[in-house]
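Per chain, numbering begins at 1; letters A, B, ... match sequence-line order.
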Amino acid sequence: MKLVTCGLPYANGKAHIGHLRTYIPADVYVRYLRLKGEDVVFVCGSDSHGTPIVVNAEQQGLKPKELVDIYHEHFQEIFRNLKIEFDFYGRTDSDYHHERTREIVKKMIEKGYVYPKEIELAYCPNCERFLPDRYVEGICPYCGAEARGDECDQGCGRHLEPGEILKPRCKICGTPAVFRKQKHYFFKLSAFKDFLEDYLEKLKGTENALNYAKEWVRKELKDWCITRNLEWGVKFPGEEDLVVYVWVDAPIGYISFTEKACEKLGKDWREIWIEGKAEIIHFIGLDIVYHHCIFWPAMLKAADYALPSAVVASGMVKVEGKTFSKSRGYVVWVDEDYLNEGFNPDCLRYYVVNYTSHQKDLNFSWEVYKEKVNNELIATLGNFIYRVLHFAWRNFGEVKMNVDGEVVEQIRLAMEKIEEAIEKWEFKEASDAFMELASYGNVYFQNSQPWELIKNDPESAERAVASCLALVRALAILAYPVLPSTMEKIGKLIGLDVRKAKLEDALKIPDKIKVEKPFVPFEKIEDEKIAKMEKKLKERIEKAEKGVEERELVTIEEFGRLDIRIGRIIEAEKIKGSKKLLKLRIDLGGEIKQAVAGIAENYSEEELKGKLVVVLANIKPAKIRGVDSEVMVLAADVDGRAILLTPEKEVPVGVKVR
RNA sequence: GCCGAGGUGGCCUAGCUGGUCGGGGCGACGGACUCAUAAUCCGUAGGUCGCGGGUUCGAAUCCCGCCCUCGGCACCA
């Protein structure tokens, strides 16, 4: 038995193409497994807890549950449309999930893997509550950038433990927060270092996931704070005013959803999660490898549950060659950009699966989409199926299945390729295999020339058609996991129920096949449609760029607080061990100040000497890599490259900029 | 700087346990055909397989050094 899961979609935003990179391949995988006769349970559900949902709901005047309701329904609708069919799709704010979570946390406590610790937490005196995670805004203790309570999202990207953030403010009301002592609970992750090192050696899955995880474990494992001050979530056993951290309860959804799925399917979930009789395979995005390869197995081990056998991580998604980014507009929404535009769901499944290897970056481009649909799905696959069915239907109606042995051999080869590819989670290889078979079919049809034979030698014509029909029938089965809607309908035309078919049925050719009037399997994508979609995307990107520029306004007084002056660089020296940093001595007229600037990639020490630059003279001094920096050199930021500002005419050093 | 993944004809890409090492797809060009959604089929297009060394009888494939791209981290006052 196998259990396949997908990373739970967070129920506070709409489905986009990035999500599909996990769900479509997982669904394809499950369908192939079932085709091979494997017993599979396939589950997923909405991740309903956590601070962002609480904050979002509040901002929209909704209760958290109401917000989750919206996106829970939304995702299910998307999955229905794309034929991503889970045996059970749950949500983590349900009773059964809370029960399972509490049971597991209790077990972790009983076994001594959880301990309380007083930590200093941000508290908002105005809102009268503790500010967990993203309720807090402040300064990152590592890099000094503006940061959220749980993560330095603008700066170094580090994960922040509760209480670490500096200068915390309340995100809701902006009031400076005070630190108060609070008891929280920690999971002894550090105790699992040896276990994890060993476990990760045995864990299967894609290399991208395993490599990351091994590296992390090798470095350092810190104990993990697993409680939060929130109302919304799973109550922490024995401390009911605390809630379990969302990353503790979310993966437990894999278990609680399996319970429900098994109830439905008449199976015993314990065989999977307690007795370890099944293979557990997690499909995830690269961004949550840490949780699935480290936190999660440690938790399961602590609570005496079965361990996952494979973690399959997909590569990143790009849009028109650029890094996927909702805020910058590089996004393709599944509903408004695809389904609502009338595009065929099967075509998107094919694109996602066939663009590249599962581990590599997938680029979504409308131009490429058009090419793949028109040149591959239509010209190769659809055309072959249609020309054969149409010819058979018009000339024979029913065909005696006298099939060329060479054709049977080709089908067998394609099946083998698919089976091998699926073992490796290489869905592109699998889909290439049936496309090659279709291509072979086109050659076979072309060379046989049944349209000529039919004139004088109908029997030979029928034999040729029979062989091609055998290929069509095989294609309906082999391509079904990727193109379920289309292939189901194709199957019906030749009396085949592909939903009940097994892989080997592709070789069990019936004596006769009756062909019904066929339809065109895929509609051609027109250039105008693609142009329209590209325009839509472009406008979205432009709008996003503008949004960034429309900043809040600053008063002249506020600006006046900045002491910006012209200085002359008199010395420049590289800082050891750093690629970007230079130590500069700057003459500000009357005083020499030292600055550390990240400009070494664009400027050499020599060319800097004597250069006039613009300097922020009253910035708070800091130490960077152990070097004092008293002032800040201003520069234009061109995609992360620093371009220095310099006065257009020679001016005395020390003069004020305003 | 550290870790990971990569650099193969215009573009995407297979091969990377060393000897059919130069494949496939798209695009382009020429031809054939008409059953099929101007779809299909056949043929052609000369790319130092990132750079420089080395090992070997022989390397895209192994070793060393270097360059570049992407992702993660450090860091850019």
Side-chain angles (χ1 to χ4, degrees), chain A residues 142-145 155-159 207-216 218-219 286-287 289-290 315-316 318 323 354-357 359-361 363 365 367-368 371-395 428-429 432 435-436 438-439 441-454 461 464-465 468 518-526 575-582 593-601 615-625 627-635 637 640-642:
Chain A
Y142 299 103
C143 72
C156 63
R158 256 196 147 112
H159 168 80
E207 281 180 35
N208 53 356
L210 303 180
N211 285 344
Y212 275 107
K214 283 173 189 166
E215 181 59 20
W216 269 316
R218 213 187 51 190
K219 282 182 189 164
L286 215 43
D287 50 334
V289 167
Y290 196 88
M316 293 297 184
K318 293 183 170 199
T323 303
N354 189 263
Y355 181 86
T356 189
S357 154
Q359 287 189 61
K360 294 193 177 173
D361 289 354
N363 179 29
S365 143
E367 191 59 33
V368 176
E371 282 172 8
K372 288 191 84 70
V373 173
N374 289 353
N375 299 342
E376 298 173 26
L377 285 177
I378 293 178
T380 301
L381 181 66
N383 179 244
F384 174 66
I385 290 173
Y386 185 67
R387 73 197 292 202
V388 170
L389 292 180
H390 190 259
F391 192 87
W393 167 74
R394 214 179 56 183
N395 293 292
K428 175 172 173 55
E429 275 182 39
D432 280 345
M435 290 305 288
E436 281 162 21
S439 187
N442 273 322
V443 175
Y444 192 91
F445 195 94
Q446 193 76 15
N447 292 342
S448 311
Q449 299 196 310
W451 62 91
E452 282 296 326
L453 294 174
I454 194 79
V465 170
C468 290
F519 61 96
V520 172
F522 302 100
E523 290 299 328
K524 189 165 179 172
I525 309 288
E526 301 298 337
I575 291 178
K576 260 189 292 175
S578 171
K579 201 172 173 183
K580 288 185 179 176
L581 299 181
L582 284 177
K593 293 284 190 185
Q594 180 165 298
V596 175
I599 55 174
E601 286 180 315
V615 172
L616 178 56
N618 65 337
I619 190 162
K620 221 174 111 185
K623 261 193 194 223
I624 296 147
R625 280 205 154 254
V627 181
D628 284 312
S629 184
E630 303 167 297
V631 297
M632 173 173 170
V633 177
L634 303 185
D637 180 347
R641 302 238 149 207

Looking only at atom C1', what distance separates B:rA45 and B:rG25, rounded to whole Å? 15 Å
Grab the CE-P distance between A:M316 and B:rG4 for me, whole Å please. 17 Å
Say you pick atom C1' in B:rA32 and the same atom in B:rU17; how far apart are they, in whole Å? 45 Å
Check the distance between B:rC73's P and A:Y290's OH and give it to me in whole angstrom. 12 Å
Nucleotide B:rC26, atom P - distance to CE of A:M435 in whole Å: 10 Å
Over all strands shown, is A:A595 touching base, sugar-phosphate only, or nothing at heavy-atom distances under 4.0 angstrom? nothing
For A:Q449, side-chain contact (heavy atoms from CB on, under 4.5 Å) partners two or more places apart: A:W451, A:E452
Who passes ring-ring contact (aromatic ring centres under 6.0 Å, His included) against A:Y355, sequence neighbours left out? A:Y351
Taking for each residue the nucleotide of RNA chain B bearing the nearest heavy atom, is the 5' side occupied by A:N211 or by A:E452? A:N211
Start at the 5' end of RNA chain B and walk down; is the nucleotide closest to A:L286 or to A:K524 reached first? A:K524
So which atom in A:A464 and which in A:Y444 form the shortest heavy-atom distance, rounded to 0.1 Å? O-CE2, 4.1 Å
I'd like to check the salt bridge (Lys or Arg N to Asp or Glu O under 4.0 Å) partners of A:D432; sequence neighbours left out, ordered by chain and number. A:K428
Would you write out the dot-bracket form of RNA chain B, 5' to 3', with Watson-Crick and G-U pairs under 3.5 Å, [ ] for crossing pairs, | for pairs to other strands and . for unpaired bases? (((((((..((((.....[...)))).(((((.......))))).....(((((..]....))))))))))))....
Has A:W451 got its ring stacked on B:rC35, by the test of a centre gap below 5.5 Å and a plane angle below 30°? yes
Taking atom C1' in both B:rU48 and B:rU44, what distance in whole Å separates the two? 23 Å
For A:K372, which residues count as a salt bridge (Lys or Arg N to Asp or Glu O under 4.0 Å) partner, sequence neighbours excluded? A:E376
Taking B:rG72, B:rC26, B:rU37 as options, the one with an atom nearest any side-chain atom of A:E371 is B:rC26
Protein N or O to nucleotides 40-43 of chain B N or O, pairs below 3.5 Å:
{"from": "B:rU40", "atom 1": "O2'", "to": "A:R387", "atom 2": "NH1", "distance (Å)": "3.0"}
{"from": "B:rU40", "atom 1": "O2'", "to": "A:Q446", "atom 2": "OE1", "distance (Å)": "3.0"}
{"from": "B:rU40", "atom 1": "O2", "to": "A:Q446", "atom 2": "NE2", "distance (Å)": "3.2"}

Can you name the residues that form a side-chain contact (heavy atoms from CB on, under 4.5 Å) with A:A438, not counting sequence neighbours? A:T380, A:L381, A:L475
Whole angstroms only, please: what is the CG-C1' distance between A:D287 and B:rC73? 16 Å
Look for any protein N or O under 3.5 Å of an N or O in nucleotides 12-17 of chain B and output each such pair with its distance, or none.
{"from": "B:rA14", "atom 1": "OP1", "to": "A:K360", "atom 2": "NZ", "distance (Å)": "3.1"}

For B:rC11 versus B:rC49, give the span between their P atoms, rounded off to a whole number of Å. 16 Å
Same-atom distance (P) from B:rG7 to B:rA14, integer angstrom: 8 Å
Holding to salt bridge (Lys or Arg N to Asp or Glu O under 4.0 Å), I want the full list of residues that pass it with A:E526, two or more places apart in sequence or in another chain. none
Locate the shortest heavy-atom distance separating A:A595 from A:V633; write the atom from each residue and the value. CB-CG2, 4.1 Å
Just so I know, are the side chains of A:T356 and A:D361 near enough to count as touching, which here means a heavy-atom distance under 4.5 Å? no
Pick the C1' atom in B:rG47 and in B:rG9, then give their distance to the nearest Å. 3 Å
Residues which pass side-chain contact (heavy atoms from CB on, under 4.5 Å) with A:N383, listed by chain and number, not counting sequence neighbours: A:R387, A:N442
Using the P atoms only, state how far B:rG1 lies from B:rA60, rounded to an integer number of Å. 29 Å
A:W216 CH2 - B:rC2 C1' separation (whole Å): 15 Å
Reckon A:V520 touches a base, only the sugar-phosphate, or nothing at all at heavy-atom distances under 4.0 Å? base
Same-atom distance (P) from B:rC70 to B:rC29, integer angstrom: 34 Å
Separation of B:rG72 P from A:D361 CG (nearest whole Å): 10 Å
Can you check the A:F391 CZ to B:rC33 P distance for me, whole Å? 18 Å
Identify, with sequence neighbours excluded, every residue that meets ring-ring contact (aromatic ring centres under 6.0 Å, His included) alongside A:Y290. A:W216, A:F295
Within a 6.0 Å radius of atom CD on A:E523, are there more than 12 heavy atoms belonging to other residues, nucleotides or ligands? no
Round to the nearest Å and state the distance from A:F522 atom CZ to B:rA39 atom P. 16 Å
Any residue meeting side-chain contact (heavy atoms from CB on, under 4.5 Å) with A:E429, in chain and number order, not counting sequence neighbours: A:A421, A:K424, A:E426
Under 4.0 Å, heavy atoms only, any strand: does A:F445 hit a base, just the sugar-phosphate, or nothing? base
